[in-house]
Amino acid sequence: MARTFIGDLKEHVGETVTIKGWVSVRRDQGKLVFFDVRDLSGTVQAVVLPKSDAIETAKDIRVEYVVAIQGIVNERPEQNRNLKVKNGDIELKIESIEIIAPAQPLPFDMSADGFNLDLTTELDHRALTLRHPRLQAIFRVQAVIIDAFREFMKSQRFFEFQAPAIAPATAEGGAEVFEISYFDKKAYLTQSPQLYKQIVMTAFERVFSVNKVFRAEPSATTRHLTEIVSLDAEMGFIDSWEDVRDMSEETVRYILQQVGEKCAAELEFLGATLPTMIEKTPTLSLAEALEKLGAPDDKDLNPEQERRLCEIVKEETGSDFVYVYGYPTQQKPFYVYPNPTQPEYNEGMDLLCRGVEWLSGGRRINDYRQLLEHVEKWNMDPNKISMFLEAFRYGVPPEGGFAFGAERMTMQILELKNIREASMFPRDMHRIDHSLSEGES
Ligand code: AMO
């Protein structure tokens, strides 16, 4: 008999069907045996009656066994309905069970109520914990975030390109870069597709990419990883950096709307509420932000100030989001456009939400001579970025772009405590799959 997906069972009430999936829960209630069975589309309760031919096989089945079950889809009696869960009003009366694959006893409780692992154990056992509804909910939301980014970009006529992961030079500067031995030469894992998205923009005008980027981030914080999924965009023919801000704002708005629409069940399950984006997200210059924080002489926002600024803006406007622009020019990478009337400040921006930076971006330098001046000032070797520089010799309109980290965004939308929860296979200075012991690091 053809397989029916569990999520479609409601359309088959009264019919005999075959489902295939994993046993999430097994409950022995006297003579009856109940199973919760899940597949990619949902979960259903299945029951074996005492006189059923299936009762002997049912006795052998344990959690995480893979089974094929033939049975009749019945509506549950009124008093047994659980309308809070999908399929809570039906159950499958089992006629026969086939064990497709057995499972060894689990190292810990994986039931929805009993799952209470510390993060280290959860990460060390990702191969198993990924089967838990909490983790599935997180990564389903992340998939919707990434899809929504793509959809919105395409709706705005952005072209998707594939950025390289190996580069001859670093884009963002600083020491947070992994050097690799590339045959007998040195190369780097890309910190950002920055230089490539700018090059591709000069050919396709509006471009985006969904790429892995790598940061040799030496600090073990709750919001830094060494390998992240970067959602990048770059656009030509802007009038000012505000055009880039507006495009990024509409991108976030669309992503939030899609998550709200497609992930209502996941948000409820995880107890998360979407952040509030008001009609026009507040925008502050760095100087204004520091003024609000009572630290007018500071040169940048530290993490505590970012947190506090978000609280102040939320109190004042109701917005969970705030843009901060106008950072000291030398503090940002060489490609960021300096304000023409105040060149010591640039037209770079960050978007903060719920106390943490989600996005960076801004206007870039499009004038070749000015770029060369910056390359010199930033002590960079022009030969190492010659491909990038070549693009700017041949007519480039005013342009800008932005990037989000998918894990940061997932973490902040779902109010997770640690970014590692928002990465399926998180890498940090102490972990590649498992903790790195002294000998391995
Ligand atoms: P930036 O370095 O600010 O900007 O990175 C952009 C966004 O990527 C995320 N992010 C991280 N997430 C987790 N762990 C990390 N170690 C980490 N580093 C960065 C954040 C951040 O806002 N080229 C510019 C973007 C641009 O101007 O278009 C850049 O890479 O969400």
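Sequence positions, counted from 1, serve as the residue numbers for this chain. Computed from a prediction, not measured in an experiment: that's the story for all the values here. As the structure lists them, so they are numbered: ligands from 1, and atoms in each ligand from 1.
- Less than 4.0 angstrom separates some heavy atom of Phe402 from each of these atoms of ligand 1: 28 (O).
- For atom 25 (C) of ligand 1, the nearest non-hydrogen atom from the set Ala403, Ser423, Ala216, Gly348 belongs to Ala403.
- Here Tyr335 has side-chain heavy atoms under 4.0 Å from ligand 1, and that is the only part of it that gets that close.
- Proximity to Glu217 (heavy-atom distance under 4.0 Å) selects the following atoms of ligand 1: 16 (N).
- Taking the centre of each ring, Phe158 and Phe208 stay at or above the 6.0 Å mark.
- Inclusion of Leu225 in the set of residues having an N or O under 3.5 Å from an N or O of ligand 1 is warranted.
- Heavy atoms of Ser230 stay at 4.0 angstrom or farther from ligand 1.
- The pair Arg26-Asp36 fails the salt-bridge criterion, with no side-chain N (NZ, NE, NH1 or NH2) lying under 4.0 Å from an Asp/Glu carboxylate O.
- You'll find the side chain of Arg215 reaches within 4.5 Å of the side chain of Ser192, heavy atoms only.
- Side chains of Leu106 and Leu128 form a contact here, defined as non-hydrogen atoms less than 4.5 Å apart.
- Within the listing of ligand 1, atoms 13 (C), 14 (N) sit less than 4.0 angstrom from a heavy atom of Arg223.
- Residue Ser360 touches ligand 1 through backbone and side chain together, judged by heavy-atom distances below 4.0 Å.
- For the pair Phe425 and Leu130, the minimum side-chain heavy-atom distance is below 4.5 Å.
- Residues Asp147 and Gln258 bring no donor and acceptor atom of their side chains to less than 3.5 Å of each other.
- In His224, the parts holding a heavy atom less than 4.0 Å from any atom of ligand 1 are both the side chain and the backbone.
- Side-chain atoms of Glu122 and Thr129 include no donor-acceptor pair closer than 3.5 Å.
- The existence of a salt bridge linking Lys377 and Glu373 is excluded, since no basic side-chain nitrogen approaches an acidic carboxylate oxygen closer than 4.0 Å.
- Close approach to Glu357 involves these atoms of ligand 1, each under 4.0 Å from a residue heavy atom: 3 (O), 21 (C), 22 (O), 31 (O).
- In this structure, Glu407 falls outside the shell of residues with a heavy atom less than 4.0 angstrom from ligand 1.
- Thr121 and Asp118 share a side-chain donor-acceptor pair at under 3.5 Å.
- In Ile228, the part holding a heavy atom less than 4.0 Å from any atom of ligand 1 is the side chain.
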Show the numbers, then the answer: is there a side chain to side chain donor-acceptor pair (under 3.5 Å) between Tyr335 and Gln198?
CA-CA 10 Å; Tyr335 54 77; Gln198 289 190 250; over 6 Å; no

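- Near Ile419, meaning under 4.0 Å from one of its heavy atoms, ligand 1 places the atoms 13 (C).
- Proximity of the aromatic rings of Tyr345 and Tyr325 is defined here by a centroid distance below 6.0 angstrom, and this criterion is not met.
- Ranking protein heavy atoms by distance to atom 19 (C) of ligand 1, first place goes to Arg215 NH1, 3.6 Å.
- Of the heavy atoms in Met349, none comes closer than 4.0 Å to ligand 1.
- Looking at Asp428 and Arg420, a side-chain N of the basic residue comes within less than 4.0 Å of a carboxylate O on the acidic one, giving a salt bridge.
- The closest side-chain donor-acceptor pair between Thr190 and Tyr196, if any, does not fall under 3.5 angstrom.
- Annotation: atom 8 (O) of ligand 1 to nearest protein heavy atom, Gly405 N, 3.6 Å.
- The protein heavy atom nearest to atom 31 (O) of ligand 1 is Trp358 O, 2.9 Å.
- Protein heavy atom at the shortest distance from atom 23 (N) of ligand 1 is Gln194 OE1, 2.7 Å.
- Taking every non-hydrogen atom of Lys197 and a distance limit under 4.0 Å, the qualifying atoms of ligand 1 come out as 26 (C), 28 (O).
- Taking 4.0 Å as the cut-off, Arg364 counts as a neighbour of ligand 1 on heavy-atom distance.
- Within the listing of ligand 1, atoms 23 (N), 30 (O) sit less than 4.0 angstrom from a heavy atom of Ser192.
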